[in-house]
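First the structure, in the form of C-alpha cells, and then the observations on it.
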Protein chains: 2
Amino acid sequence: MVNSVVDRDWKQHLRSQGYRLTPQRQLVIEAVEELGHATPDDVLRHVRQRAHGVNASTVYRTLDLLERTGLVTHAHLGHGAPTYHPGWSPPHVHLVCRHCGRIDEVSPELATDLVDGIRRQKDFETDVGHLTAFGWCSACRTVER
Amino acid sequence: MVNSVVDRDWKQHLRSQGYRLTPQRQLVIEAVEELGHATPDDVLRHVRQRAHGVNASTVYRTLDLLERTGLVTHAHLGHGAPTYHPGWSPPHVHLVCRHCGRIDEVSPELATDLVDGIRRQKDFETDVGHLTAFGWCSACRTVER
DNA sequence: TTGATTGCAAAGCCTTTGCAGTTCT
DNA sequence: AGAACTGCAAAGGCTTTGCAATCAA
C-alpha cells in the first residue's frame, strides 16, 4: 500500500522545502496513507487515536501544507468536506454513490476520450485525478428504485 | 434561453404537487433561469435587486423545494457553494478552471465511453449531468505556467 | 537561539432550524 | 379557516485566523 520510495523520502522532501518535521505532521501523513479517502475530520479522529491533544487547526494547516508540497491531494466528492489521498497514489476517477455514499475508483484511462474531446472542443486541460462521477452503485440500484 | 413549455407549466407543476405559488418562488426560479450557474448567494443577490426583504433561508428552502420537484438541479463545482441550473436545461458536463474559476460546459456525449466503461467495470450508473472536470482553461494556461 | 509550528479561542462562511406571524387557496 | 410559507434570529457544521507559547533544527 505504501510506496517505499516516497515513504523513505517524504521527511527529506519536507525538509528540502524548508519545512520542519513534527510529530503532528508525521501522524497526519500516516493517517492519509492508511485511510485512503479521508476528510480532515477523519484524519483528526485517526490521529487522536494515537496521540492526544492534536488540534483540528493543525490538521487543516498540515493537509494544506502537504498538498502544497505534493505529498497529498484532495478531491471534492459532494456537498461535504473534501477528501485527501496520498499524492503518489496513481490518479484515478472517483465514483460517488448518491445513495450509500460509498466511494470507488476506476482507471483514468477510461476517460481518455472525454479528456481528448474536452481539449479539442474547449482547449481545456482536464486534471484526470479530480474527475468525479456521481451516480448509483449496483448494490443501491438493486435495493431501491 | 427559456424553455417555453416549462415556462408555461411550472406554476401548474408546483400546484399539482401541492405547493404554493409565491412571489419569492417566482423570483428564485427567474434568477436560476437568468443566471445560469448560480450559487444560493448569487440567487439571493439577484432576487434582492428586484424585491426587498427576501430572506436567505427562503432562498435555500426554495432551491431545495424546486430541486425536489425537478425544476432545478444542482452540481458541486469545487470547494464552495453548489451551483443551480434550470432542471430542464439539457444535461452537460461541467468544466471548472482551477485558476480563474470560470465554468464551461460540454456535451455529455463526449463522456459516453467513460460512462460505459464505468458501467462495465463497476456496474455503476453515472449521472452524466453531474460529471465535473477540474482543470485549466486555455486563457489561464497561456498566461501562467 | 530563532524562526517555524502548534494549541487555543474566536471568528467566518455557508446552511439549517424553530417559531411566530403572514399569506395563498 | 387552515395549511403552506416567510422572516427572523439562533444554532450548526466546517474551516480559517490571530496570537502567545512551544519546539525542531
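Note that the structure is a prediction, hence the values are computed from the model and not measured. Residue numbering restarts at 1 for every chain, and letters A, B, ... go by the order of the sequence lines.
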Practice task
Give the ring-plane orientation class for A:His85 versus A:His37, where under 30° counts as parallel, over 60° as perpendicular and anything between as tilted.
Solution key: perpendicular
Exercise for the section: Answer yes or no: is there a side-chain heavy-atom contact under 4.5 Å between B:Leu65 and B:Leu14? Expected result: yes
Practice task
Specify the separation, in whole Å, of atom CZ of B:Arg48 and atom C1' of D:dG7.
Solution key: 10 Å
Handout entry: Atom-to-atom span, CG of A:Leu21 to C1' of D:dT22 - whole angstrom
Key = 17 Å
Completion exercise
Taken to the nearest whole Å, CZ/B:Arg68 to P/C:dT16 is 11 Å
Exercise for the section: Working to the nearest 0.5 Å, report the span between NE2 of B:His76 and OG1 of A:Thr132. Expected result: 11.0 Å
Practice task
Examine the base of C:dT5 for any acceptor or donor lying under 3.5 Å from a partner atom in the side chain of A:Arg25, and report the outcome as yes or no.
Solution key: no
Handout entry: A:Lys122 bridged to B:Glu105 by N-O distance under 4.0 Å
Key = no
Handout entry: A:Leu27 CG to C:dT5 P, straight-line distance once rounded to whole Å
Key = 16 Å
Completion exercise
Closest to the 5' end of DNA chain C, once A:Pro23 and B:Pro23 are matched to their nearest nucleotides, is A:Pro23
Problem - Donor-acceptor pair present, B:Arg20 side chain and D:dA3 base, under 3.5 Å - result: yes
Exercise for the section: Give a yes or no on this: more than 12 heavy atoms of other residues, nucleotides or ligands lie within 6.0 Å of atom CD of A:Gln17. Expected result: yes
Handout entry: Nucleic acid footprint by protein, nucleotides 7-15 of chain C - heavy-atom cut-off 4.0 Å, B for base, S for sugar-phosphate alone
Key = BB-----SB
Exercise for the section: Evaluate the criterion side-chain hydrogen bond (donor to acceptor under 3.5 Å, both in side chains) for residue pair A:Asn55 and A:Ser57; output intermediate values, then yes/no. Expected result: CA-CA 5 Å; A:Asn55 196 271; A:Ser57 52; 2.7 Å; yes
Exercise for the section: Would you mind telling me which of D:dA25, D:dT6, D:dA24 lies closest to the side-chain atoms of A:Thr22? Expected result: D:dA24
Practice task
Return the value, rounded to whole Å, for the distance between atom CG of B:Leu66 and atom P of D:dC5.
Solution key: 11 Å
Problem - Salt bridge flag under 4.0 Å for residues B:Glu34 and B:Arg50 - result: yes
Exercise for the section: In plain terms, say whether A:Arg119 and A:Asp116 are close enough for a salt bridge, that is, a side-chain N and a carboxylate O under 4.0 Å apart. Expected result: yes
Handout entry: Under 3.5 Å: donor-acceptor pair, side chain of A:His130, backbone of A:Val128
Key = no
Practice task
Specify the angle, to 10°, made by the local axes at the two ends of the helix from C:dT1-D:dA25 to C:dT25-D:dA1 when five pairs are taken at each end.
Solution key: 30°
Exercise for the section: Report the nucleotide, chosen from D:dT6, C:dT23, D:dA25, that has the shortest atom-to-atom distance to any side-chain atom of B:Thr62. Expected result: D:dT6
Exercise for the section: Round to a whole Å and report the spacing from CZ of A:Arg45 to P of D:dG13. Expected result: 13 Å
